[in-house]
Amino acid sequence: MNQNQKYKMLFWSIALPGFGQLLNGKYIKGIIFVLLEFLINVLGNFNEIIILSFQGNVVMAIEQTNYQWLMFYPCLYFFAMWDAFKDAGGGKEPYSFLPFAFSAYFVTVGTIYSSNLTLFNVLLGPVWLPMLSILPGLFVGFLLKRILTKKLIS
């Protein structure tokens, strides 16, 4: 598989969990991820939440959110990305999974606090706060990967 293939699968998984697996020829995994994505999306009311958030109706988005289901989404999303990336030849370095895993953790925590945490007096809600939570998740994941990799080399 060529070097760019892993990024192609990663980006298709960002578009919809399961697409990267389907393109990798992992049909059972791909179908399971797509079905889980739709299940969590519908039961968490995610599309409605996204629309309301993009329209600036954050309070209404919070009211529409089923947090019991939406909290499953970050782990499914980032695991599907990692899995497609890995199956396409990425993630061969030690601890390559850490940025994906810590992004899932931070986005889940962002989802938990999204109904009442404000930044600069702005309530960001169940779309914007979790999305912003990806940045510290990636930072911690890459930092930890670097620290642990250096210890392996030393």
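- Using cut-offs of 30° and 60° on the angle between ring planes, the pair Tyr95 and Phe97 is tilted.
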Exercise for the section: May I have the step-by-step check of side chain to side chain donor-acceptor pair (under 3.5 Å) for Tyr73 and Glu37, ending in yes or no? Expected result: CA-CA 7 Å; Tyr73 198 80; Glu37 197 285 336; 2.8 Å; yes

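- Of the candidates Leu124, Ile112, Thr111, Leu70, Thr111 is the only one forming a side chain to side chain contact (heavy atoms under 4.5 Å, CB included) with Pro130.
- A distance of 13.0 Å separates CE in Met60 from CD1 in Ile49, rounded to the nearest 0.5 Å.
- Between the CG atom of Asp83 and the OG atom of Ser13 there is a distance of 8.0 Å, given to the nearest 0.5 Å.
- A continuous path of Ile, Leu, Val, Met, Phe, Trp and Tyr side chains, each step under 4.5 Å between heavy atoms, connects Phe54 with Leu132, placing both in one hydrophobic cluster.
- Judged by distance alone, the side chain of Asn45 and the main-chain N or O of Asn66 form no donor-acceptor pair under 3.5 Å.
- Other residues, nucleotides and ligands contribute over 12 non-hydrogen atoms within 6.0 Å of the CG atom of Leu119.
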Exercise for the section: In sequence, state the C-alpha distance, the side-chain angles, and the governing distance for Lys145 and Glu93, and then conclude on side-chain contact (heavy atoms from CB on, under 4.5 Å). Expected result: CA-CA 9 Å; Lys145 177 182 176 232; Glu93 313 88 40; 3.7 Å; yes

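- Scanning both residues, Met9 and Ala88, for their nearest heavy atoms gives CG-CB, 3.5 Å.
- In this structure, Leu22 and Ile31 have side chains that are in contact, with non-hydrogen atoms separated by less than 4.5 Å.
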Handout entry: Worked verdict on Asp87 versus Lys29 for salt bridge (Lys or Arg N to Asp or Glu O under 4.0 Å)
Key = CA-CA 11 Å; Asp87 282 349; Lys29 269 199 294 190; 2.8 Å; yes

Exercise for the section: Test Phe142 against Phe102 for side-chain contact (heavy atoms from CB on, under 4.5 Å), laying out the working first. Expected result: CA-CA 9 Å; Phe142 280 117; Phe102 276 91; over 6 Å; no

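- With a 4.5 Å cut-off on side-chain heavy atoms, Tyr105 and Val140 do not count as touching.
- Distance CG/Leu148 to NZ/Lys150: 12.0 Å, rounded to 0.5 Å.
- Trp128 and Val59 are members of different hydrophobic clusters when ILVMFWY side chains are connected at heavy-atom separations under 4.5 Å.
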Exercise for the section: Take Trp82 and Ser96 through the side-chain contact (heavy atoms from CB on, under 4.5 Å) test and state the conclusion after the steps. Expected result: CA-CA 9 Å; Trp82 161 250; Ser96 294; 3.9 Å; yes

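- Within 6.0 Å of NZ in Lys86 there are more than 12 heavy atoms belonging to other residues, nucleotides or ligands.
- In this model, a donor atom of one side chain and an acceptor atom of the other lie less than 3.5 Å apart for Ser114 and Tyr67.
- Under the 4.5 Å side-chain criterion, counting only non-hydrogen atoms from C-beta, Tyr113 is in contact with Asn116.
- The side-chain heavy atoms of Tyr77 and Ile14, taken from C-beta on, include a pair separated by under 4.5 Å.
- Between atom CZ of residue Phe139 and atom CG of residue Leu144 there is a gap of 11.0 Å, rounded to the nearest 0.5 Å.
- Exactly one residue among Leu117, Leu129, Ile62 makes a side chain to side chain contact (heavy atoms under 4.5 Å, CB included) with Leu123. That residue is Ile62.
- Residues Ile51 and Asn57 form no side-chain contact, since every pair of their non-hydrogen atoms from C-beta on lies 4.5 Å or further apart.
- Pairing each heavy atom of Ala61 with each of Ser53, the nearest pair is CB-OG, 3.6 Å.
- Taking the side chain as every heavy atom from C-beta outward, Thr149 and Arg146 never approach each other to under 4.5 Å.
- The shortest side-chain heavy-atom distance between Ile134 and Phe78 falls under the 4.5 Å cut-off.
- When atom types are taken as modelled, the side chain of Asn24 and the backbone of Ala84 share a donor-acceptor pair closer than 3.5 angstrom.
- There is no side-chain donor-acceptor pair under 3.5 Å between Tyr27 and Gln21.
- Note: Met71 CE to Thr108 OG1 = 6.5 Å, rounded to the nearest 0.5 Å.
- Connection of Ile28 to Phe79 is established within a shared hydrophobic cluster, with ILVMFWY side chains joined at heavy-atom distances below 4.5 Å, either directly or through further cluster members.
- Here the rule is side chain to side chain contact (heavy atoms under 4.5 Å, CB included) with Phe46, and of Ile50, Leu43, Val42 only Ile50 fits it.
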Handout entry: From CA spacing to verdict: ring-ring contact (aromatic ring centres under 6.0 Å, His included), Phe100, Phe85
Key = CA-CA 10 Å; Phe100 295 90; Phe85 180 71; 5.8 Å; yes

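- By the 4.5 Å heavy-atom criterion applied to side chains, Val58 and Leu52 are not counted as neighbours.
- Atoms CZ and CG, from Phe38 and Asn41 in turn, are 7.5 Å apart once rounded to the nearest 0.5 Å.
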